[in-house]
Amino acid sequence: LATGPRQNNGIFYEIRTYDIKPAKMKEFLELANKHFHLRTAHSELVGFWYADLGALNKVFHIWKYDNFAHRTAVRHAIANDKDWQGKFISVVLPMIEKQHNEVAYLVPWCQLGKPPKEGGVYEWVTFQMKPGGPALWGEAFRAAINAHINTGYTRLIGVFHTEYGLLNTVHVLWWNENPDQRAAGRHSAHEDARVVAAVRDSVRFLESQQNVLLIPVQCSPLK
């Protein structure tokens with residue numbers, strides 16, 4: 001099934017997720033902060049986080065590419081970058097238990113945002129929607145997202161719709177100043193009739209949802 005409309009350009013985002021061995025998490029993050037500039041010399045890193053709640057020993061990063069030819073060229077370059085391969089990849093490979101990647105586009109009605117300041121926390125919410133794509137559930141989903149934005153308690157960073165990976169998956173990235181602000185905002189939203197109505201309409205198309213609280217690492221552009 002077609003995944004539906006997307007941005008009017010070739011730009012896409014590769015979402016990479018790594019499960020790290022528990023005993024190696026601290027060392028992995030230290031190496032990333034020390035050497036990730038070698039990788040970002042080749043292409044744009046949107047953000048790099050580790051999971052704090054909702055998952056453990058897991059890191060997420062998002063890469064921006066102009067098109068698939070751009071990604072191919074970058075992958076070729078980093079495979080031949082001796083510093084990157086020697087100082088980081090060869091060292092961290094034994095620390096990684098599992099690796100997963102997806103290709104996603106920003107939904108047409110969303111531009112990639114930034115938080116108003118550094119030092120907050122991010123929430124990565126994954127919605128598995130019923131098959132049929134945005135033609136089936138897109139408007140209801142958008143209304144639910146906008147209802148949360150309109151409460152003012154949270155800041156939307158991006159809404160990503162998968163093209164490769166598990167289809168009919170939507171990832172929403174939010175920002176809050178801290179977990180307590182998020183908790184208070186969610187409590188208020190649950191009592192807001194506008195939010196309740198919009199969510200009730202959208203969940204008709206929802207199969208599952210997972211929320212993960214993310215902490216940006218030192219080398220992340222989004223902090």
Side-chain angles (χ1 to χ4, degrees), residues 1-9 11-13 15 17 46-47 49 51-55 60 62 64 102 104-163 165-216 222-223:
L1 296 176
T3 56
R6 57 183 186 234
Q7 299 281 347
N8 294 320
N9 53 50
I11 293 173
F12 67 84
Y13 298 84
I15 302 164
T17 307
V46 174
W49 305 265
D52 189 50
L53 295 171
F60 297 77
I62 303 175
K64 180 180 179 181
E102 298 170 283
Y105 292 93
L106 284 172
V107 297
W109 43 269
C110 171
Q111 298 297 320
L112 193 62
K114 292 184 178 180
K117 61 182 180 180
E118 294 185 0
V121 296
Y122 292 78
E123 186 173 9
W124 183 252
V125 187
T126 298
F127 299 91
Q128 186 59 44
M129 309 301 291
K130 292 182 179 179
L136 176 67
W137 44 258
E139 289 304 314
F141 186 85
R142 180 180 182 178
I145 294 297
N146 285 334
H148 283 84
I149 294 172
N150 292 338
T151 64
Y153 83 87
T154 188
R155 175 68 66 96
L156 179 67
I157 303 299
V159 181
F160 305 88
H161 183 206
T162 56
E163 180 83 2
L166 188 60
L167 295 185
N168 296 293
T169 301
V170 185
H171 301 290
V172 183
L173 184 61
W174 302 96
W175 178 90
N176 282 282
E177 287 192 25
N178 55 62
D180 287 315
Q181 184 205 46
R182 184 264 183 194
R186 290 282 287 178
H187 181 77
S188 298
H190 290 161
E191 297 179 345
D192 189 313
R194 297 165 300 171
V195 176
V196 172
V199 169
R200 183 181 292 122
D201 187 42
S202 68
V203 295
R204 296 182 294 123
F205 308 106
L206 181 66
E207 293 193 336
S208 66
Q209 176 181 338
Q210 182 182 26
N211 295 36
V212 181
L213 188 74
L214 300 178
I215 307 298
L222 286 176
K223 290 186 170 61

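Taking CG from L213 and CG from L53, the interatomic distance works out to 5.0 Å, rounded to the nearest 0.5 Å. The CD1 atom of I15 sits 8.0 Å away from the OG1 atom of T126 when rounded to the nearest 0.5 Å. Atom CD in Q128 sits 12.0 Å away from atom CD in Q209 (nearest 0.5 Å). From L167, atom CG reaches atom CD of E102 across 10.0 Å, with rounding to the nearest 0.5 Å. F127 contributes atom CZ, which lies 7.0 Å from atom CG of L206 (distance to the nearest 0.5 angstrom).
A143 and A198 make their closest contact through O-CB, 3.8 Å (heavy atoms, listed as atom of the first residue, atom of the second, distance). In terms of heavy-atom proximity, G120 sits nearest to P216 at O-CD, 3.9 Å. The minimum heavy-atom distance between Q210 and G54, with the atom names listed, is NE2-O, 3.6 Å. In this structure, V212 and A55 approach most closely via the heavy-atom pair CG1-CB, 4.2 Å.
The closest donor-acceptor contact from the side chain of N168 to the backbone of G133 lies under 3.5 Å. Side-chain atoms of Q111 do not come within 3.5 Å of backbone N or O of G158 as any donor-acceptor pair. A donor-acceptor pair under 3.5 Å is absent between the side-chain atoms of R186 and the main chain of A183, judged by distance alone.
For E139, the CD atom sits in a loose shell: 12 or fewer heavy atoms of surrounding residues, nucleotides or ligands are nearer than 6.0 Å. H187 NE2: 12 or fewer foreign heavy atoms inside a 6.0 Å radius.
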May I have the step-by-step check of side chain to side chain contact (heavy atoms under 4.5 Å, CB included) for H171 and T169, ending in yes or no?
CA-CA 7 Å; H171 301 290; T169 301; 3.7 Å; yes
Evaluate side chain to side chain contact (heavy atoms under 4.5 Å, CB included) for Y105 paired with H161, printing each intermediate quantity in order.
CA-CA 5 Å; Y105 292 93; H161 183 206; 5.6 Å; no
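You'll find the side chain of L156 reaches within 4.5 Å of the side chain of W174, heavy atoms only. Counting heavy atoms from C-beta outward, W175 and L222 have side chains that stay 4.5 Å or more apart.
Within the structure, every pair that satisfies the side-chain hydrogen bond (donor to acceptor under 3.5 Å, both in side chains) test and touches residues 140-159, not counting sequence neighbours, is listed here: T154-N176. Pairs of residues two or more places apart, or lying in two chains, that qualify as salt bridge (Lys or Arg N to Asp or Glu O under 4.0 Å) and include a residue from residues 113-133 are K117-E177, E123-R182.
Among V170, V203, D201, the single residue meeting the side chain to side chain contact (heavy atoms under 4.5 Å, CB included) criterion with W137 is V170.
Classification of the F141-W109 ring pair by plane angle, with boundaries at 30° and 60°, yields tilted. Between W124 and F60, the two ring planes are tilted [angle within 30° to 60°].
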